[in-house]
Q: 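Let me give you the structure first, and then I'll get to my questions.
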Amino acid sequence: MNDEYFDNLENLFRRYVDLDDFKKNYIDVKNPKNSEGLIDQFIRFNQDPLVWKYCRFNDSSDTLKITLKDNYKISDILEFARHYDLSKYKRIIITLKNIDYENIESLERLNKDVYINLYGNQGICTIDQFKNMRSFLNQFKDQYSSYNLSPLELITLAYDFTKFYLYNSGGNKNLYSSRVITKVIESGYIVCVGYCKLFCQLLEEFGIEANMLLTKSKERKDELGHARVLIQINDDKYNVSGIYVFDPTWDSERNMVLVEGNDKKLRYKKSSDILGSDRIIEKMPSTM
């Protein structure tokens with residue numbers, strides 16, 4: 001599948017108003033062998049332009065993908081790329097860790113559109129966006145690294161910093177921007193996955209391991225689940241030892257409540273959007 005394939009796919013998708021229209025007037029009529037894949041691609045195409053861009057770039061044979069292994073430098077990427085005929089590719093996606101790389105600007109010498117994919121983020125960013133993110137994280141780390149804080153104090157600091165981001169989904173067209181750390185910092189859109197990735201990365205800057213915990217309701221299989229952060233704490237200063245779950249989203253600055261509608265489904269709503277028929281299940285801490 002090359003760029004031409006995805007261009008043709010986009011032209012096909014634009015003919016249909018929504019998913020039901022696409023299923024009824026294309027899938028049911030043509031009965032293609034890859035119907036499930038096409039439906040998934042149609043959903044991605046209509047959800048978020050950046051999600052679709054990542055998917056088509058990542059799957060296109062016109063993209064050269066390079067993964068930088070441990071202890072490799074940017075100069076190693078330049079050397080590795082010389083073994084390829086770059087004229088055959090339209091872009092390069094390089095997978096990097098979320099750490100500082102010396103002379104990352106030198107990737108521009110490849111004279112191709114270069115995108116960076118962060119380990120575990122399922123998204124791409126430009127070199128400038130990567131540098132902007134690293135500058136943001138380094139500024140946070142430099143500000144507090146001289147305070148000799150204990151692990152629990154560092155976790156509390158990172159948690160408080162993260163939770164004061166104002167919850168902002170940006171709507172369905174910003175699913176990517178609200179969940180990928182480089183875009184969260186740049187766009188201001190943030191939801192539970194974005195909160196957790198930012199929280200985990202702030203802790204990673206101080207050498208504290210944290211893992212994202214994804215949950216999903218059995219009753220709402222068609223809806224996205226919630227994300228929290230799992231941390232093992234060993235702090236002699238406060239005599240705290242154990243595994244703890246953190247939820248910066250739930251504790252964030254937002255005027256939201258969890259309600260049950262007439263359809264018996266649970267969903268988060270702004271206080272101003274609550275209907276008379278909605279039953280309030282729980283308020284956010286920041287609204288109390």
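Keep in mind that the numbers below use all heavy atoms, side chains included, and drop hydrogens, waters and symmetry copies. By convention here, the first residue in the shown sequence is residue 1.
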Q: What closest approach, in Å, do Ser150 and Asp235 show between heavy atoms, and which atom pair accounts for it?
A: OG-OD2, 2.8 Å

Q: Report yes if the side chains of Leu118 and Phe130 come closer than 4.5 Å at any heavy-atom pair, otherwise no.
A: yes

Q: Check the pair Phe6, Gln41 against side-chain contact (heavy atoms from CB on, under 4.5 Å), reporting the backbone distance first and the verdict last.
A: CA-CA 10 Å; Phe6 286 103; Gln41 288 176 321; 4.0 Å; yes

Q: Indicate yes or no: at least one non-hydrogen side-chain atom of Leu137 is less than 4.5 angstrom from one of Asn98.
A: yes

Q: Looking at every heavy atom in both Pro248 and Phe199, which two are closest together, and how far apart are they?
A: CG-CD2, 4.3 Å

Q: What are the two closest non-hydrogen atoms of Leu154 and Leu203, and how far apart are they?
A: O-CD2, 4.1 Å

Q: Quick check on side chain to side chain donor-acceptor pair (under 3.5 Å): which of Asp247, Thr215, Thr249 does His226 satisfy it with?
A: Asp247

Q: Would you indicate whether Asn234, at its atom CG, is surrounded by more than 12 heavy atoms from other residues, nucleotides or ligands within a distance under 6.0 Å?
A: yes

Q: Identify the two heavy atoms, one from Ile231 and one from Val229, that lie closest to each other, and give their separation to 0.1 Å.
A: CG1-CG1, 3.7 Å

Q: Going through the distances and angles, do Glu153 and Tyr238 end up as a side-chain hydrogen bond (donor to acceptor under 3.5 Å, both in side chains)?
A: CA-CA 9 Å; Glu153 289 171 336; Tyr238 295 94; 2.5 Å; yes

Q: With Lys131 as reference, evaluate Glu108, Glu186, Glu105 under the salt bridge (Lys or Arg N to Asp or Glu O under 4.0 Å) test and give the passing residue.
A: Glu105

Q: Passes side-chain hydrogen bond (donor to acceptor under 3.5 Å, both in side chains), Gln139 versus Gln143? Steps please.
A: CA-CA 6 Å; Gln139 184 177 11; Gln143 186 174 357; 5.8 Å; no

Q: Would a 4.5 Å heavy-atom cut-off, applied to side chains only, mark Asn2 and Tyr5 as touching?
A: yes

Q: Could you give me the CA-CA distance, side-chain angles and deciding distance for Asn103 and Leu78, then say whether side-chain contact (heavy atoms from CB on, under 4.5 Å) is met?
A: CA-CA 11 Å; Asn103 299 322; Leu78 297 175; over 6 Å; no

Q: Decide yes or no on side-chain contact (heavy atoms from CB on, under 4.5 Å) for Ile66 and Thr95, but give the supporting numbers first.
A: CA-CA 6 Å; Ile66 301 175; Thr95 301; over 6 Å; no

Q: Identify whether the distance between the nearest side-chain nitrogen and carboxylate oxygen of Asp59 and Lys65 falls below 4.0 Å.
A: no

Q: Taking everything shown except Asp85 itself, do over 12 heavy atoms lie less than 6.0 Å from its CG?
A: yes

Q: Between the side chains of Tyr26 and Asp21, is a donor N or O closer than 3.5 angstrom to an acceptor N or O?
A: no

Q: Looking at Asp3 and Arg91, is any side-chain nitrogen of the basic one under 4.0 Å from a carboxylate oxygen of the acidic one?
A: yes

Q: Could you state whether Tyr195 and Leu213 fall into the same hydrophobic cluster, counting links through intermediate Ile, Leu, Val, Met, Phe, Trp or Tyr residues with side-chain heavy atoms under 4.5 angstrom apart?
A: no

Q: Which atom pair, heavy atoms only, marks the closest approach of Asp113 to Tyr115?
A: CB-CE1, 3.9 Å

Q: Would you say the side chain of Asn117 lies within less than 4.5 Å of the side chain of Ile94, judging by non-hydrogen atoms?
A: no

Q: Is there side-chain contact between Ile92 and Thr63, with at least one heavy-atom pair below 4.5 Å?
A: no

Q: Quick check: are there more than 12 heavy atoms from other residues, nucleotides or ligands sitting under 6.0 Å from CG of Asp28?
A: yes

Q: Is the closest side-chain heavy-atom distance between Arg14 and Phe45 below 4.5 Å?
A: yes

Q: Checking Lys183 side chain against Ser178 main chain: does a donor-acceptor pair fall under 3.5 Å?
A: no

Q: Centroid-to-centroid, Phe140 to Phe136, below 6.0 Å?
A: no

Q: Strictly by modelled atom types, are Glu10 and Trp52 linked by a side-chain donor-acceptor pair under 3.5 Å?
A: yes

Q: Using a strict 4.0 Å threshold on nitrogen-to-oxygen distance, state whether Asp40 and Arg44 make a salt bridge.
A: yes

Q: Phe22 vs Phe13 aromatic rings, parallel, tilted or perpendicular, using cut-offs 30° and 60°?
A: perpendicular

Q: Walk me through whether Phe42 and Leu12 qualify under side-chain contact (heavy atoms from CB on, under 4.5 Å).
A: CA-CA 9 Å; Phe42 182 89; Leu12 171 66; over 6 Å; no

Q: Could you walk me through whether Glu205 and Arg134 satisfy the salt bridge (charged side-chain N to carboxylate O under 4.0 Å, His left out) test, starting with their C-alpha distance in whole Å, then the side-chain angles of each, then the deciding distance to 0.1 Å, before giving a yes or no?
A: CA-CA 10 Å; Glu205 298 300 315; Arg134 288 307 312 166; 2.9 Å; yes

Q: Take a 6.0 Å sphere around NZ of Lys141 and say whether it holds more than 12 heavy atoms from other residues, nucleotides or ligands.
A: yes

